[in-house]
Every structure is written in C-alpha cells, then in structure tokens.
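Working notes, structure below.
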Amino acid sequence: MDCNEKLSPFDDDIVSRTAAGNFGIRYLYPMQRMVIGNVLDAAQSREEAGYDNKAFCKQIVLLPTGAGKSFCFLIPALLLDGPTLVIYPLLSLMADQKRRLDSLGIPSAILSGSLDKAVRENEIQKLEKGTARIALATPEFLLGKPLLSRLEKCKIAHVAVDEAHCVGDWGDSFRPAYLRLGAVINFLRPKVTTAFTATASAPVLKRIKEVLFDGEAYIIRGQADRPNIHYSVIRIMNKKKEALRLALTMQKPMIIFCGSRYRAEDMAREIAALLGDDIVKFYHAGMEKDEKKAVESSFFSSKDGILCATCAYGMGVDKSDIRTVLHLEAPMTTEEYMQESGRAGRDGKAASAILLWSHEDTKKFSVYGNESRENRMLLYALSKRCRRQMLLEALGSAEAKETVCTGCDICDNNGKTSALAADGELALAFIKKHRKLYDKNKLSYELIRMFNSKDRDLFSVNVWEHSDVEKVLDGLEQENLIRRCRFPWQGRITDCKEGRKLLE
C-alpha cells in the first residue's frame with residue numbers, strides 16, 4: 001500500500017486501508033474516525049488555502065484509556081506530507097511506542113537527551129531525509145533552538161502532545177519545559193496540533209488551552225466511563241499485608257502503584273518472598289535505562305506477572321491484558337487515579353481497580369480545601385455513593401448523571417460500607433473481648449498469633465510481625481477507638497466508646 005496516496009476529502013477508505021495494512025486494525029471507533037478526519041482535513045485545507053501561521057488547527061482530544069488514542073496520530077502520520085512530532089512525558093512511553101513501531105516495520109526517530117551525540121544526529125537526519133515519518137520527543141529536548149531550526153525545515157505536519165494533562169499537572173511544578181511548548185509549537189508552525197489525554201477536569205483543560213493554544217482550542221470528548229473496570233476502596237491499616245493478600249488472590253497480570261521508589265522495591269521484595277522473583281518486578285525512575293527496558297519487556301510479555309511501580313510506569317504503556325490495578329498509596333487527584341487505574345482491562349475484558357485507604361490517608365487529604373482537586377480524592381475514598389459516578393463527576397463529565405454503574409463496591413453492597421478498616425475491626429473485636437487484660441507489648445504478641453492463624457491457609461507461612469501489628473494498634477489509637485488505661489490498670493489497652501459503637 002502506498003501511504004503517500006493523496007486523500008480525497010470524500011474518501012475515507014484510505015484510512016481503513018492504512019489502519020489495516022500497517023497496524024492490523026480492521027475497525028476504527030467513531031471517535032477515532034472523527035479525530036483522524038479532523039487532522040487530515042485540516043492539513044489538506046491548509047495546503048489548499050495557503051500557509052497561514054495563525055490558522056493551524058488546534059484540538060484537545062479526551063478519550064478514555066484503551067480507546068486507541070495513539071492511532072489517532074499514528075495513522076495520519078502515514079498519510080500526511082510532512083512528519084509527525086509526538087511529544088511524550090516519559091522515556092518509558094517513547095520506548096514502548098518505538099518498540100511497537102519497530103515491530104510493525106514503521107520507521108521512526110527518537111529525540112532524547114539520553115542518546116549520545118552520534119546517535120542523536122542520526123535520528124534527526126532520518127527526519128531531514130524523510131526516512132522517518134514519526135518523531136518521538138520529550139518536552140525538554142525540544143527547547144534547544146538549533147534543533148528547532150532543523151525541525152522547522154522538516155515542515156512538521158502534525159504535533160501531537162500525548163498525555164496532555166501533564167501540562168497542567170507537571171508544568172507548574174517540576175516540568176517547566178511543558179510551559180514552553182506553546183512557543184515551540186508556534187515556532188514549528190505545524191499544519192495541525194492535537195493534545196491527547198484520557199483524563200482532564202475543567203481546570204486542567206483550561207490550563208492546557210492556555211499553555212498550548214493561547215486559550216482557544218476545539219474539544220473532542222469521548223465517553224469517559226470504563227464499564228469493564230470494577231472500582232473498590234478497601235479501608236485498611238496495614239496496607240502491605242493487604243497488598244500481599246490481594247497479590248495472591250486477585251487476577252493477574254497486576255500493577256501495584258506505590259508512592260515512592262522505596263515502597264515499590266519493598267513491596268516487590270515482600271511479594272517475591274511468597275511468589276518468586278520471576279513473577280514480581282519493580283519499576284521506578286531511579287533505575288538504569290537497561291534495567292527499565294528489561295522490566296518493561298518482561299512484564300509486557302507476562303501473563304501472570306506483578307509489577308510494583310511508581311507513576312514512572314504505566315501512563316500510555318500499551319499492555320492490554322492487565323486484570324488488576326492496585327494502589328498502595330492514593331494519587332493526589334482523581335484524574336491521576338483514573339489515568340493509572342485505567343491501565344486495567346484495555347482489552348475490554350473485566351478488570352479491577354482497587355484503592356487501599358488508611359486513617360493516615362484521611363489525615364493527609366483533609367488539609368486541602370473543599371473545592372480543591374485533592375479533596376475530590378478524599379470524597380471518592382470515603383464516599384457512600386457510587387464510585388463510578390464520583391469519578392465521572394470529578395472529571396466534569398456529562399455522563400455522570402446518566403451512567404449506570406457496571407460494578408463498584410458501593411453499588412454491589414447497596415450503599416453499605418464499613419467505617420472501620422478490616423484489620424482494625426479484627427483487632428478491635430479481640431480488644432473488646434479482652435479489655436484491660438494486656439499492655440501493648442503482650443497485646444501485640446496475642447494479635448500476631450491471631451492474624452497469622454487466620455492467614456496461614458492463604459500464605460502458608462507466618463507473615464505478621466510485631467511492626468505489622470503495631471501499625472494496626474497505632475491506627476486504632478489515632479482514631480480514638482482504643483486507649484491505654486490509667487491506674488489501677490496502668491498501661492493496659494481497652495476499647496473506647498466509639499469503638500464499641502462501630503462493632504455493634
């Protein structure tokens with residue numbers, strides 16, 4: 001098939017042929033068709049009308065994770081006269097896309113500061129010679145004027161900003177290069193510019209418009225709901241032990257998102273002790289390039305693997321068969337949570353998104369104002385309303401009031417939720433039965449025996465230690481559900497009035 005064949009504005013067939021011949025896609029969704037049509041029509045209209053720096057097409061595309069956003073710029077890339085520049089937030093995304101394009105025999109160029117000078121020069125020459133139709137770059141790499149001057153001469157046809165919510169989430173904090181992308185786009189003068197994201201609330205959309213498009217852009221919004229994902233929140237005090245339980249019982253492949261590099265490595269070690277190093281890997285930004293590549297390749301091909309990762313992994317990575325996404329720590333916003341939980345079930349089959357929530361999380365998120373994006377995360381975790389509806393409302397989606405829940409823990413239980421963490425409830429019931437009999441050390445010993453006895457059939461070994469039980473007891477004490485007695489039962493533990501109410 002000749003991918004340079006001129007597209008008639010009335011002939012969509014070449015799009016289908018390009019999709020099938022190059023990517024093996026036999027069917028495009030209507031929203032994909034719309035976005036691809038906009039890109040091709042705008043580029044062709046520009047050619048017919050003459051080049052006008054102020055008239056290039058500007059659009060923001062919101063499509064849910066797994067809806068095939070990448071094909072909305074990859075298919076046009078093979079049909080446009082000039083190259084397509086795709087801007088990614090993470091090197092792992094670029095590597096994943098590069099791997100896919102290489103496997104399909106589609107030449108592309110990587111523009112990254114991680115490459116040595118000779119390799120980087122070779123990649124740029126691919127664009128200049130026309131041997132590569134797609135360039136993959138990070139925002140930081142595009143700030144050098146000599147490079148931009150060379151890219152301008154390549155006559156970039158389409159600039160696609162993937163995971164564009166990072167403009168608002170990261171540009172104002174630790175990725176200032178995002179704030180200069182608008183100037184980069186104006187300098188390159190592409191025929192079309194498109195920002196793609198799966199999740200963006202009204203404030204984030206506004207920021208994307210301001211930074212990339214001088215305040216104005218067309219919005220193309222697909223359905224945000226992912227009906228195949230079952231959402232649930234587990235109230236728990238010892239998250240690590242609950243994550244171990246879920247690692248053994250939930251469907252895999254599984255991603256466990258952790259809030260730090262240390263937590264990712266520590267969680268991986270805990271699970272590996274039970275399941276083996278071949279099953280469990282960790283991934284974070286502090287790893288060497290070759291280490292990351294090996295983990296990406298291993299997990300991508302795995303059918304039963306578990307990956308303990310920070311947010312450095314996952315965004316846009318196309319592993320379609322992930323069955324469970326577990327969050328050990330909550331992201332700061334619901335947009336981030338939908339983005340990361342959306343890694344699950346991209347093949348359309350049933351999947352689970354589980355958030356572990358503790359009393360410490362409630363304290364952490366309670367400091368934010370009622371109108372803040374962070375407060376939405378708190379409301380989601382503590383809600384007695386449909387989780388799905390809460391997420392859609394946080395995104396400002398018009399679907400929120402109309403969507404029928406296809407699976408969440410709230411709707412499954414007719415709105416009933418426990419106000420007490422599962423491990424805390426077991427410990428509190430024991431304390432109520434043996435109030436004022438044990439001090440904290442002796443109580444810890446008894447609870448270790450109780451928890452290990454309960455979990456031995458699942459884990460086959462004793463996994464509860466003193467520090468694990470201490471975490472549960474500290475949580476109960478912080479929530480004022482237990483207390484230490486004074487004379488004559490000095491230092492012994494008993495339940496509080498509020499704790500008794502929760503057990504009734």
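Numbers here are sequence positions counted from 1.
We find the OH-OG1 distance between Tyr380 and Thr334 to be 10.0 Å, quoted to the nearest 0.5 Å. In this structure, Gln478 CD and Thr362 OG1 are separated by 11.0 Å, a value rounded to the nearest 0.5 Å. How far CZ of Arg483 is from CD1 of Ile431: 12.0 Å, rounded to the nearest 0.5 Å. Atoms OH and CZ, from Tyr27 and Arg33 in turn, are 9.0 Å apart once rounded to the nearest 0.5 Å. Here the straight-line distance linking atom CZ of Arg226 with atom CZ of Arg346 works out to 7.5 Å at 0.5 Å rounding. Atom CD1 of residue Ile60 and atom CD1 of residue Ile220 lie 10.0 Å apart, to the nearest 0.5 angstrom.
Leu473 and Ile482 get closest at one heavy-atom pair: O-CD1, 3.7 Å. Nearest heavy atoms, Arg323 versus Ala350: NE-O, 3.0 Å. Heavy atoms only, all atoms of each residue included: Gly342 and Ile229 are closest at CA-CD1, 4.2 Å. Closest non-hydrogen pair, Glu340 versus Pro331, comes out as OE1-CG, 3.6 Å. Between Phe282 and Ala264, the shortest heavy-atom contact is CB-O, 3.7 Å. Contact between Ile271 and Val280 at its shortest, heavy atoms only, is CG2-CG2, 3.4 Å.
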Query raised in the report: Step by step, would you call Leu307 with Tyr313 a side chain to side chain contact (heavy atoms under 4.5 Å, CB included)?
Result: CA-CA 9 Å; Leu307 184 68; Tyr313 183 90; 3.6 Å; yes
Report task. Decide yes or no on side chain to side chain contact (heavy atoms under 4.5 Å, CB included) for Ile256 and Cys258, but give the supporting numbers first. Result -> CA-CA 6 Å; Ile256 301 177; Cys258 306; 4.1 Å; yes
Requested in this report: Check the pair Tyr231, Leu355 against side chain to side chain contact (heavy atoms under 4.5 Å, CB included), reporting the backbone distance first and the verdict last.
Outcome: CA-CA 8 Å; Tyr231 296 98; Leu355 171 65; over 6 Å; no
Query - side-chain hydrogen bond (donor to acceptor under 3.5 Å, both in side chains) between Glu291 and Tyr283, worked out - result: CA-CA 9 Å; Glu291 291 179 306; Tyr283 187 99; over 6 Å; no
Query raised in the report: Step by step, would you call Glu270 with Arg263 a salt bridge (Lys or Arg N to Asp or Glu O under 4.0 Å)?
Result: CA-CA 10 Å; Glu270 291 275 348; Arg263 293 297 294 271; over 6 Å; no
Report task. Apply side chain to side chain contact (heavy atoms under 4.5 Å, CB included) to the pair Ile25 and Leu28, showing each step before the final yes or no. Result -> CA-CA 7 Å; Ile25 299 172; Leu28 289 168; 4.1 Å; yes
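Using a 30° and 60° split on the angle between ring planes, Tyr337 and His327 fall in the tilted class, from 30° to 60°. Aromatic ring pairs are classed by plane angle as parallel below 30°, tilted from 30° to 60° and perpendicular above 60°; the pair Phe365 and Tyr368 is tilted.
Sorted by first and then second residue, the pairs that involve residues 406-447 and meet ring pair (Phe, Tyr, Trp, His ring centres under 6.0 Å), not counting sequence neighbours, are Phe430-His434.
Glu393 has its side chain out of reach of Arg388: every pair of non-hydrogen atoms, C-beta onward, lies at least 4.5 Å apart. Residues Leu420 and Leu481 have side chains in contact (heavy-atom distance under 4.5 Å, counting atoms from C-beta outward). At a threshold of 4.5 Å between non-hydrogen side-chain atoms, the residues Leu74 and Leu101 count as touching. Between Lys442 and Arg492, the closest side-chain pair of non-hydrogen atoms is not below 4.5 Å. Two residues are said to be in side-chain contact when any heavy atoms from C-beta on lie closer than 4.5 Å; Cys411 and Thr406 fail this criterion. Considering only heavy atoms from C-beta on, Tyr88 stays 4.5 Å or farther from Pro139 through its side chain. Side-chain contact between Leu274 and Leu248 is present, with at least one heavy-atom pair separated by less than 4.5 Å. Proximity of Gln97 to Ser70: side-chain heavy atoms (C-beta onward) are separated by under 4.5 Å at one or more points.
Here the side chain of Asn452 pairs a donor or acceptor atom with the backbone of Ile448 at under 3.5 angstrom. A donor-acceptor pair is defined here as one N or O able to donate and one able to accept, closer than 3.5 Å; no such pair exists between the side chain of Asp468 and the backbone of Trp464. Panel note: side chain Ser453, backbone Met450; no donor-acceptor pair is recorded below 3.5 Å. Between the side chain of Asp423 and the backbone N or O of Ile236, no donor-acceptor pair lies under 3.5 Å. Between the side chain of Asn238 and the backbone N or O of Lys471 there is no donor-acceptor pair closer than 3.5 Å. Not a single donor-acceptor pair under 3.5 Å links the side chain of Glu498 to the backbone N or O of Asn480.
The only member of Lys239, Lys240, Arg245 that meets salt bridge (Lys or Arg N to Asp or Glu O under 4.0 Å) when paired with Glu242 is Arg245.
By the 6.0 Å contact criterion, NZ on Lys440 is enclosed, its count of non-hydrogen atoms from other residues, nucleotides or ligands being greater than 12. When the shell of 6.0 Å around CZ of Arg456 is examined, it contains more than 12 heavy atoms from other residues, nucleotides or ligands. For Asp290, the CG atom is loosely surrounded, since the number of other residues' heavy atoms within 6.0 Å does not exceed 12. Heavy atoms from other residues, nucleotides or ligands lying under 6.0 Å from NZ of Lys206 number 12 at most.
We find that Glu163 and Lys69 are not joined by a salt bridge, their nearest charged nitrogen and carboxylate oxygen being 4.0 Å or further apart. At a threshold of 4.0 Å, the pair Asp304-Lys252 does not count as salt-bridged, since none of the basic side-chain nitrogens sits closer than that to a carboxylate oxygen. Between Arg484 and Glu477, at least one side-chain N (NZ, or NE/NH1/NH2) sits under 4.0 Å from a carboxylate O, which counts as a salt bridge. Salt bridge Lys319/Asp321: present, at least one basic N to carboxylate O contact under 4.0 Å. Using a cut-off of 4.0 Å between Lys/Arg side-chain N and Asp/Glu carboxylate O, Lys432 and Asp495 are scored as not salt-bridged. In this structure, Asp96 pairs ionically with Arg99, as a charged nitrogen and a carboxylate oxygen lie closer than 4.0 Å.
Using a 3.5 Å distance cut-off with no hydrogens or angles, the side chains of Glu335 and His165 do not pair a donor with an acceptor. Inspection of the Ser444 and Asn441 side chains reveals no N or O donor paired with an N or O acceptor under 3.5 Å. Thr310 and Arg261 share no side-chain donor-acceptor pair at under 3.5 Å. Looking at Arg343 and Thr324, their side chains never bring a donor and an acceptor atom within 3.5 Å of each other. Counted by atom type alone, Ser108 and Lys98 present one or more donor-acceptor pairs between their side chains at under 3.5 Å. Between Glu336 and Thr333, the side chains place a donor N or O and an acceptor N or O closer than 3.5 Å (distance only, hydrogens not considered).
Relative to the ring axis of Phe71, Arg100 places its NZ or CZ within 45° and under 6.0 Å from the centre.
Taking the salt bridge (charged side-chain N to carboxylate O under 4.0 Å, His left out) definition, one finds that Asp409 meets it with Arg387, sequence neighbours left out.
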